Amino acid sequence: MKRDLLALRDLSPAQLADILSSAAKLKADWKAGQRGPLLPGRTLAMLFQKPSLRTRTSFDLGMYQLGGYAVYLSPDEVQLGKRESTADVARVLSRYADAIMARVFAHSDLEDLARWASVPVINGLSDLAHPCQGIADLLTIQEKMGTLRGVHLTYLGDGNNVLHSLLIGGALAGMHVTAACPAGYGPQDQVVAEAITLAAASGGSITLTTDPLEGARAAEVLYTDTWTSMGQEAEAEARRQIFPAYQINDALLAQAPLVQGVMHCLPAHRGEEITDSVADGERSWLFDQAENRLHGQKAVLVYLLEG
Ligand code: CP
Ligand code: NVA
């Protein structure tokens, strides 16, 4: 039966660990100049309803590095569900490509694609989850800290798709994940409940608070993302009034003595959720994360197509 990656909950702890070690090996091999193609002649259709720098480029070049080929389909070209139905798009693309990667607004569109496609479907970001980002983030933490188990990560800001994937991924990996979000802007209850269940089994933990300093004090890794995700632009000004206490800046870092690294999935809104001094500072892991999208996704492609 074909496998999809719509959210990190699709993976068991062992499958996630295998993908992370495969990604680390692919990265080391690539850097050592060992570039034997693992997916020769295989193809990926990439369907975008929203803009992208990292996801598009890293999937496209990652597929090329594996010996395959990727084709980019812009929001205007496909108009999922408008020009033609999601079910028809899924069935047509399945006749051309070995896998489909899609960036959508509604997570239900991905579920529809996966239901109708006969090839694996990969979530390249939805309103619910960003699992490929989560895999790159865990790979980065594992590289920097030497382990994931027991590492304390605190996310500050909006309870969005990126946080959802960190909660589930961190819980699967035995991490202690704290989310500090303003009241009314926390992660979805169902995602939190799933993460708590997974953390109970892995020896990790999930903590929710509205106090950014409480979250920061115990953190070894701090993480933030935009206060206004794609599709929420009409709320941007209102959100700018609500979120400033959750900014990662030098004053907050001074209250977080254990922090070894600061993370952000990018694109950053410098001066809003993160300052230049932190994003460009000694403890910034921002560009290591971006780099790891490439290798994490190559591991996902190999897992789905060859695993
Ligand atoms: N982090 C991330 O997914 O970036 P893009 O929106 O540029 O793909
Ligand atoms: N939460 C952000 C992530 C962008 C990569 C968004 O959905 O726009």
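Computed from a predicted model, the values in this text were never measured in an experiment. What's counted below: heavy atoms across the whole structure, side chains too, no hydrogens, waters or symmetry copies.
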Heavy-atom closest pair, residues A199 and A171: N-CB, 3.7 Å

V151 and H176, any side-chain heavy atoms less than 4.5 Å apart: no

Expected output: side-chain H164 to main-chain Q188 donor-acceptor under 3.5 Å: yes

From CA spacing to verdict: salt bridge (Lys or Arg N to Asp or Glu O under 4.0 Å), K27, E143: CA-CA 11 Å; K27 182 175 180 178; E143 281 175 350; 2.8 Å; yes

M46 CE to S52 OG distance, which is reported to the nearest 0.5 Å: 8.5 Å

Other residues, nucleotides, ligands: >12 heavy atoms within 6.0 Å of D250 CG: yes

Closest non-hydrogen atom pair between Y246 and L156, with its separation: O-CB, 3.7 Å

Side chains of V259 and V221 in contact at under 4.5 Å (non-hydrogen atoms): no

Cation-pi geometry met for R56 and Y72 (6.0 Å, 45°): yes

N-O pairing of R3 and D10 below 4.0 Å: no

Exam field: side chain T178 to backbone T154, donor-acceptor pair closer than 3.5 Å: no

Other residues, nucleotides, ligands: >12 heavy atoms within 6.0 Å of Y185 OH: yes

Short side-chain to backbone donor-acceptor contact, Q247 and G271, under 3.5 Å: yes

Full working for side chain to side chain contact (heavy atoms under 4.5 Å, CB included) between R283 and L253: CA-CA 10 Å; R283 285 181 279 181; L253 275 189; 3.9 Å; yes

Sidechain-backbone polar pair: E220 side chain, H152 backbone, donor-acceptor under 3.5 Å: yes

ILVMFWY cluster, M263 and F243 together (side-chain gap under 4.5 Å): no

Any donor-acceptor pair under 3.5 Å from Q34 side chain to A32 backbone: no

L125 reachable from L80 in the ILVMFWY side-chain graph, under 4.5 Å edges: no

hydrophobic_cluster_shared for M145 and L148, side chain cutoff 4.5 Å: yes

R54 and P267, any side-chain heavy atoms less than 4.5 Å apart: yes

Exam field: side chain N161 to backbone D127, donor-acceptor pair closer than 3.5 Å: no

Least distance between heavy atoms, L113 atom then A102 atom: CD1-CB, 3.6 Å

Separation between CD of Q289 and CG of L138, rounded to the nearest 0.5 Å: 10.5 Å

Within 6.0 angstrom of K25 NZ, more than 12 heavy atoms from elsewhere: no

R83, CZ atom: more than 12 neighbouring heavy atoms under 6.0 Å: no

Closest non-hydrogen atom pair between V278 and S284, with its separation: O-CB, 3.5 Å

Evaluation steps, side chain to side chain contact (heavy atoms under 4.5 Å, CB included), between N249 and L252: CA-CA 5 Å; N249 52 33; L252 184 115; 3.4 Å; yes

Polar side chain donor-acceptor pair, D288 to T140, under 3.5 angstrom: no

Within 6.0 Å of CD in Q190, more than 12 heavy atoms from elsewhere: no

Side-chain touch V192/P187, heavy atoms, less than 4.5 angstrom: yes

Distance, nearest 0.5 Å, that separates CD of Q49 from CE of M230: 11.0 Å

Heavy-atom closest pair, residues L294 and S58: CD1-O, 3.5 Å

Intermediate values then yes/no, side chain to side chain contact (heavy atoms under 4.5 Å, CB included), F105 and K50: CA-CA 8 Å; F105 286 95; K50 299 172 180 173; 3.2 Å; yes

Same apolar cluster (I L V M F W Y, side chains within < 4.5 Å links), L128/L110: no

Derivation and outcome, side-chain hydrogen bond (donor to acceptor under 3.5 Å, both in side chains), residues E273 and T224: CA-CA 7 Å; E273 72 273 7; T224 192; 6.0 Å; no

CD (E282) with more than 12 external heavy atoms under 6.0 Å: no

Charged N-O contact under 4.0 Å between R42 and E306: yes

Close side-chain approach of C265 and Y223, heavy atoms under 4.5 Å: yes

N/O donor-acceptor pair under 3.5 Å between Q15 side chain and S12 backbone: yes

Exam field: side chain D109 to backbone D112, donor-acceptor pair closer than 3.5 Å: no

Residue pair L73 / A45: nearest heavy atoms and the distance that separates them: CD1-CB, 4.4 Å

Straight-line distance of L301 CG to S22 OG, nearest 0.5 Å: 10.0 Å

Test item: S165 side-chain N/O and G134 main-chain N/O as donor-acceptor pair under 3.5 Å: no

Polar side chain donor-acceptor pair, R293 to Q133, under 3.5 angstrom: yes

Inter-residue atom distance I135.CD1 - Q297.CD, 0.5 Å rounding: 8.0 Å

Shared-cluster residues of Y64, by chain and number - hydrophobic side chains joined below 4.5 Å: none

Residue pair I141 / M175, side-chain heavy-atom distance below 4.5 Å: yes

Pair D225, N160: side-chain N/O donor-acceptor within cut-off below 3.5 Å: yes

Residues L44, F59; criterion side chain to side chain contact (heavy atoms under 4.5 Å, CB included); working and verdict: CA-CA 9 Å; L44 175 71; F59 265 108; 3.7 Å; yes

R35 to W30, cation-pi by 6.0 Å centre distance and 45° axis angle: yes

Intermediate values then yes/no, side-chain hydrogen bond (donor to acceptor under 3.5 Å, both in side chains), Y303 and D18: CA-CA 9 Å; Y303 161 77; D18 284 350; over 6 Å; no

R91: partners by salt bridge (charged side-chain N to carboxylate O under 4.0 Å, His left out), with sequence neighbours left out: D88

Path from I122 to I168 over hydrophobic side-chain contacts below 4.5 Å: yes

Side chain to side chain, V119 and K2, heavy atoms closer than 4.5 Å: no

Donor-acceptor side-chain pairing of E194 and T197 below 3.5 angstrom: no

Basic-acidic side-chain contact under 4.0 Å: E291, K31: yes

Flag, side chain of K298 to backbone of G62, donor-acceptor distance under 3.5 Å: no

Spacing of OG1 belonging to T226 relative to NE2 belonging to H264, to within rounding of 0.5 Å: 6.5 Å

